Amino acid sequence: MKRIVIIISLLLTVSLYAELNTEYKVIKSGEVTSISHKLDINSCSYDDMISRGIRKSVAQKLIEYREITGGFKRLAEMKRINGIGKATYEKIKELFEISAPLKLKRFNINNADDMILNYYGFTKKEIKKIREFQNKNGKIRNSLELKKIVSKQKYEKLADLIDY
């Protein structure tokens, strides 16, 4: 009987010691969701962006870009937006993620202004060549003409999105 009491006492002591030396992390549910979750840049609202500290003008521009193009394929596309340079991009990129696949919107190369062409990834040099061709010929009529103006990679990347 004495042995049983000693064994039980030892087990209780070891159990209590293990309990005292176990590290527990307390996580409040409200804090976890507000700190650890990133916003999906293709679906979050203006208010969601503002609540995370993004300036109103930047939030408006991100939503405008999304509405024009259909969304972001890569976060780095934010740098295409006038007013979002490297510094701003570095500050806000950690707030966003791209969760769901998206389908970019089609656009007419002849009706698109410089901002829209930039949003789709055309460089300033390519935009200048497009404008020169349009001034000389009226409009770009087909893919063969566009291939002569922009790089092969750019054309292949955007071919399915361009109307003439």
Side-chain angles (χ1 to χ4, degrees), residues 25-164:
K25 294 181 180 179
V26 178
I27 301 172
K28 296 179 184 176
S29 64
E31 291 176 357
V32 170
T33 55
S34 65
I35 293 172
S36 65
H37 289 353
K38 292 183 176 186
L39 299 171
D40 184 343
I41 196 165
N42 290 321
S43 62
C44 66
S45 71
Y46 172 83
D47 292 332
D48 290 337
M49 291 185 211
I50 300 302
S51 71
R52 293 293 180 94
I54 295 174
R55 291 189 327 259
K56 291 178 182 181
S57 63
V58 171
Q60 288 171 337
K61 289 176 182 183
L62 291 170
I63 289 173
E64 178 184 81
Y65 180 95
R66 217 170 53 189
E67 289 171 355
I68 290 171
T69 64
F72 293 83
K73 282 185 135 180
R74 296 180 0 257
L75 292 177
E77 291 174 18
M78 286 189 275
K79 293 185 279 187
R80 292 179 181 167
I81 300 171
N82 189 21
I84 301 179
K86 288 181 182 179
T88 302
Y89 171 70
E90 290 299 324
K91 287 179 190 175
I92 66 174
K93 73 178 181 179
E94 297 304 321
L95 299 173
F96 294 109
E97 65 184 359
I98 297 173
S99 301
L102 66 115
K103 182 173 166 92
L104 294 178
K105 293 181 180 178
R106 297 181 63 82
F107 68 100
N108 186 302
I109 191 86
N110 294 301
N111 297 336
D113 61 20
D114 291 0
M115 180 187 72
I116 291 173
L117 294 176
N118 179 50
Y119 281 3
Y120 279 91
F122 288 98
T123 64
K124 288 181 182 181
K125 185 177 178 182
E126 289 170 328
I127 293 170
K128 183 179 178 184
K129 285 182 174 181
I130 289 168
R131 297 299 176 227
E132 288 171 354
F133 185 92
Q134 289 171 326
N135 288 335
K136 183 179 178 185
N137 301 295
K139 66 178 186 174
I140 300 169
R141 290 180 287 281
N142 55 47
S143 60
L144 294 175
E145 291 180 347
L146 184 60
K147 284 181 185 180
K148 293 176 185 176
I149 302 169
V150 300
S151 70
K152 181 180 178 182
Q153 296 91 345
K154 182 67 52 83
Y155 174 77
E156 289 174 355
K157 182 178 175 184
L158 297 173
D160 295 336
L161 302 175
I162 299 174
D163 292 326
Y164 301 94

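Note that these values count all heavy atoms, side chains included, but never hydrogens, waters or copies made by symmetry. This structure is a prediction, so every number in the text was calculated from the model and none was measured. Numbering starts at 1 and runs along the sequence shown.
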TODO: Tell me, please, which residues at least two apart from R55 pass side chain to side chain donor-acceptor pair (under 3.5 Å).
DONE: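 Not a single residue meets the side chain to side chain donor-acceptor pair (under 3.5 Å) criterion with R55.
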Heavy-atom pair with the smallest gap, counting every atom of [X] and [Y]:
{"X": "L104", "Y": "K73", "result": "CD1-CD, 3.9 Å"}
{"X": "I41", "Y": "M78", "result": "CD1-SD, 3.7 Å"}
{"X": "I98", "Y": "D40", "result": "CA-OD1, 4.0 Å"}
{"X": "L158", "Y": "Y120", "result": "CD1-O, 3.6 Å"}

Gap between atom [atom2] of [Y] and atom [atom1] of [X] - 0.5 Å precision:
{"X": "K38", "Y": "L95", "atom1": "NZ", "atom2": "CG", "answer": "8.5 Å"}
{"X": "F107", "Y": "I162", "atom1": "CZ", "atom2": "CD1", "answer": "4.0 Å"}
{"X": "K79", "Y": "T88", "atom1": "NZ", "atom2": "OG1", "answer": "11.5 Å"}
{"X": "L39", "Y": "L62", "atom1": "CG", "atom2": "CG", "answer": "10.5 Å"}
{"X": "R80", "Y": "F122", "atom1": "CZ", "atom2": "CZ", "answer": "10.0 Å"}
{"X": "D48", "Y": "I54", "atom1": "CG", "atom2": "CD1", "answer": "9.5 Å"}

Open item on the list: E90: which residues meet the salt bridge (charged side-chain N to carboxylate O under 4.0 Å, His left out) condition with it, sequence neighbours left out?
Closed with: K93
Task: Stepwise side-chain contact (heavy atoms from CB on, under 4.5 Å) check, S151 with K157 - done: CA-CA 10 Å; S151 70; K157 182 178 175 184; over 6 Å; no
Heavy-atom side-chain contact between [X] and [Y] under 4.5 Å:
{"X": "V150", "Y": "K129", "answer": "no"}
{"X": "L117", "Y": "R131", "answer": "yes"}
{"X": "I92", "Y": "M49", "answer": "no"}

TODO: Tell me, yes or no, whether the heavy-atom count around D163 atom CG, taken from other residues, nucleotides or ligands under 6.0 Å, exceeds 12.
DONE: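 More than 12 within 6.0 Å, yes.
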Open item on the list: Please check if the number of heavy atoms outside K148 that lie under 6.0 Å from its NZ is greater than 12.
Closed with: no
TODO: Return the orientation label for the Y65 and F72 ring planes: parallel under 30°, perpendicular over 60°, tilted otherwise.
DONE: parallel
TODO: Check whether any side-chain N or O of K105 sits under 3.5 Å from a backbone N or O of E67 as a donor-acceptor pair, and report yes or no.
DONE: yes
Task: Side-chain donor/acceptor of E77 to backbone N/O of R74, under 3.5 Å - done: yes
Open item on the list: What verdict does the side-chain contact (heavy atoms from CB on, under 4.5 Å) test give for Y89 and L75, after you've listed the backbone C-alpha separation in whole Å, the side-chain angles of each residue and the deciding distance to 0.1 Å?
Closed with: CA-CA 9 Å; Y89 171 70; L75 292 177; 4.1 Å; yes
TODO: Could you walk me through whether F96 and R52 pass side-chain contact (heavy atoms from CB on, under 4.5 Å), step by step?
DONE: CA-CA 10 Å; F96 294 109; R52 293 293 180 94; over 6 Å; no
Open item on the list: Could you tell me if K139 sits above the aromatic ring of Y164, with its cationic atom closer than 6.0 Å to the ring centre and no more than 45 degrees from the axis?
Closed with: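 Geometry flag: not set, cation outside 6.0 Å or 45°.
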